[in-house]
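What follows is a single structure, written as structure tokens, with notes after it.
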Amino acid sequence: MIKNDPYALLKESGIAKKLLSDKAKEALSIYDETLDGLKEFPNDKSLKDMAEQIGKAAIEVLEEDIEKVKTDLKDDEKTKEKKRVQKAQSKKIVEKADKTMDYLAECRTKLRAERKRKIESGEIKAPVKKKLTTKLKETMKKLIGMMPKAVKKDEQKIVRTEHAVQIFLSDLKCIWGMNKIKPIEDELKEKFDELKEKATPEKT
């Protein structure tokens with residue numbers, strides 16, 4: 001768990017992400033990219049520290065943005081007066097936000113360079129990209145998991161679902177030019193067999 005989570009601030013504020021400015025969304029995007037890099041090497045302290053710095057900078061951008069959004073959403077005279085004051089100060093706010101965004105961009109560049117250096121030096125291993133068959137297998141397992149409860153209890157519907165998946169995989173193999181899908185079929189068969197054992201037997 002790292003400190004300075006901008007999403008925690010966003011959740012606490014009750015403001016939807018879609019209401020944020022492009023700068024705030026970009027700050028969150030940089031933070032997301034940082035977390036993705038950290039997931040590859042979760043025990044690397046220097047990457048974790050850098051992620052926390054980026055999170056802190058992103059929070060600064062969000063705090064100003066959230067305040068502006070809250071102000072825009074209110075519709076009373078007191079808020080209108082506050083907006084007039086904020087408008088007079090907008091130039092300073094924009095300049096500060098620009099500087100923070102420059103800092104975030106610099107942090108992202110440093111983070112990428114640090115990861116590259118560590119990989120090249122052998123200090124950490126480069127993440128292994130998943131094969132197409134592995135990605136497809138994981139996706140199909142998720143699809144099976146999405147089956148409605150009522151379907152999972154009906155053995156006949158499970159069999160029909162399995163048949164549909166087999167046809168789909170066979171067609172996909174030809175369309176995508178895949179060499180083999182048997183390992184995928186074998187694992188999915190195990191999943192379907194487990195469901196059949198728990199389901200209500202088909203009436204004869």
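- Of all the heavy atoms in N4 and E52, the pair that sits closest is ND2-O, 3.0 Å.
- Among residues two or more places apart in sequence or in another chain, the salt bridge (Lys or Arg N to Asp or Glu O under 4.0 Å) test is passed with D22 by none.
- At a threshold of 4.5 Å between side-chain heavy atoms, the hydrophobic network of Ile, Leu, Val, Met, Phe, Trp and Tyr places L62 and Y103 in two separate groups.
- Scored by the salt bridge (Lys or Arg N to Asp or Glu O under 4.0 Å) test, E26 finds R108 as partners (sequence neighbours excluded).
- Shown here for S13 and K70, the closest heavy-atom pair between the two residues is O-CE, 3.7 Å.
- Sequence neighbours left out, the pairs with a member in residues 169-182 that pass salt bridge (charged side-chain N to carboxylate O under 4.0 Å, His left out) are K182-D186.
- Listed by chain and number, the residues in a side chain to side chain donor-acceptor pair (under 3.5 Å) with K23 are D98 (sequence neighbours excluded).
- A salt bridge is absent between E138 and K142; no separation between the charged side-chain nitrogens and carboxylate oxygens falls under 4.0 Å.
- T34 contributes a side-chain N or O that, together with a main-chain N or O of I30, makes up a donor-acceptor pair within less than 3.5 Å.
- No side-chain heavy atom of L28 sits less than 4.5 Å from a side-chain heavy atom of V61.
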Exercise for review: Take T133 and I181 through the test side-chain contact (heavy atoms from CB on, under 4.5 Å) and record every step on the way to the result.
Suggested key: CA-CA 7 Å; T133 51; I181 57 172; 5.8 Å; no
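- D65 places a side-chain N or O within 3.5 Å of a backbone atom of S21 that can act as its donor or acceptor partner.
- M50 is connected to Y7 through a chain of hydrophobic side-chain contacts under 4.5 Å among Ile, Leu, Val, Met, Phe, Trp and Tyr, so both are in one cluster.
- Heavy atoms of other residues, nucleotides or ligands lying less than 6.0 angstrom from CZ of R117 number more than 12.
- Under the salt bridge (Lys or Arg N to Asp or Glu O under 4.0 Å) criterion, E60 pairs with no residue at all, not counting sequence neighbours.
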Review point. Please walk me through it: do Y31 and D5 pass side-chain contact (heavy atoms from CB on, under 4.5 Å)?
Key: CA-CA 9 Å; Y31 179 74; D5 181 2; 3.5 Å; yes
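- Connection of L143 to I167 is not established within any shared hydrophobic cluster, with ILVMFWY side chains joined at heavy-atom distances below 4.5 Å, either directly or through further cluster members.
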Practice item. Please report the C-alpha distance between L195 and I144 in whole Å, then the side-chain angles of each, then the deciding distance to 0.1 Å, and finally whether the side-chain contact (heavy atoms from CB on, under 4.5 Å) criterion is met. Key: CA-CA 10 Å; L195 290 175; I144 295 173; 3.8 Å; yes
**Study point:** Worked check of side-chain contact (heavy atoms from CB on, under 4.5 Å) between E63 and I59
**Key:** CA-CA 6 Å; E63 284 176 338; I59 286 174; 3.6 Å; yes
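- Heavy atoms only, all atoms of each residue included: L104 and I54 are closest at CD2-O, 3.5 Å.
- Looking at heavy atoms from C-beta onward, K189 lies in side-chain contact with E162 at the 4.5 angstrom threshold.
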Exercise for review: Could you give me the CA-CA distance, side-chain angles and deciding distance for E95 and K99, then say whether salt bridge (Lys or Arg N to Asp or Glu O under 4.0 Å) is met?
Suggested key: CA-CA 6 Å; E95 289 176 351; K99 288 181 180 178; over 6 Å; no
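- Under a hydrophobic clustering in which Ile, Leu, Val, Met, Phe, Trp and Tyr are joined whenever their side-chain heavy atoms come within less than 4.5 Å, directly or via other members, F168 and V159 fall into different clusters.
- Side-chain atoms of S170 never come within 3.5 Å of backbone atoms of Q166 as a donor-acceptor pair (strictly under, hydrogens ignored).
- Contact between I158 and V151 at its shortest, heavy atoms only, is CG1-O, 3.5 Å.
- Judged as a salt bridge (charged side-chain N to carboxylate O under 4.0 Å, His left out), not a single pair has a partner in residues 6-20 (not counting sequence neighbours).
- Looking at E155, its side chain never comes within 3.5 Å of a backbone N or O of K196 through a donor-acceptor pair.
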Practice item. Any chance you could lay out the salt bridge (Lys or Arg N to Asp or Glu O under 4.0 Å) test for E106 and K110, step after step, and finish with the verdict? Key: CA-CA 6 Å; E106 184 181 347; K110 289 181 179 179; 3.3 Å; yes
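- In this structure the side chain of L172 reaches within 4.5 angstrom of the side chain of L136, judged on heavy atoms.
- Counting heavy atoms from C-beta outward, K198 and K152 have side chains that stay 4.5 Å or more apart.
- When all heavy atoms are compared, the tightest approach of K137 to L188 is O-CD2, 4.5 Å.
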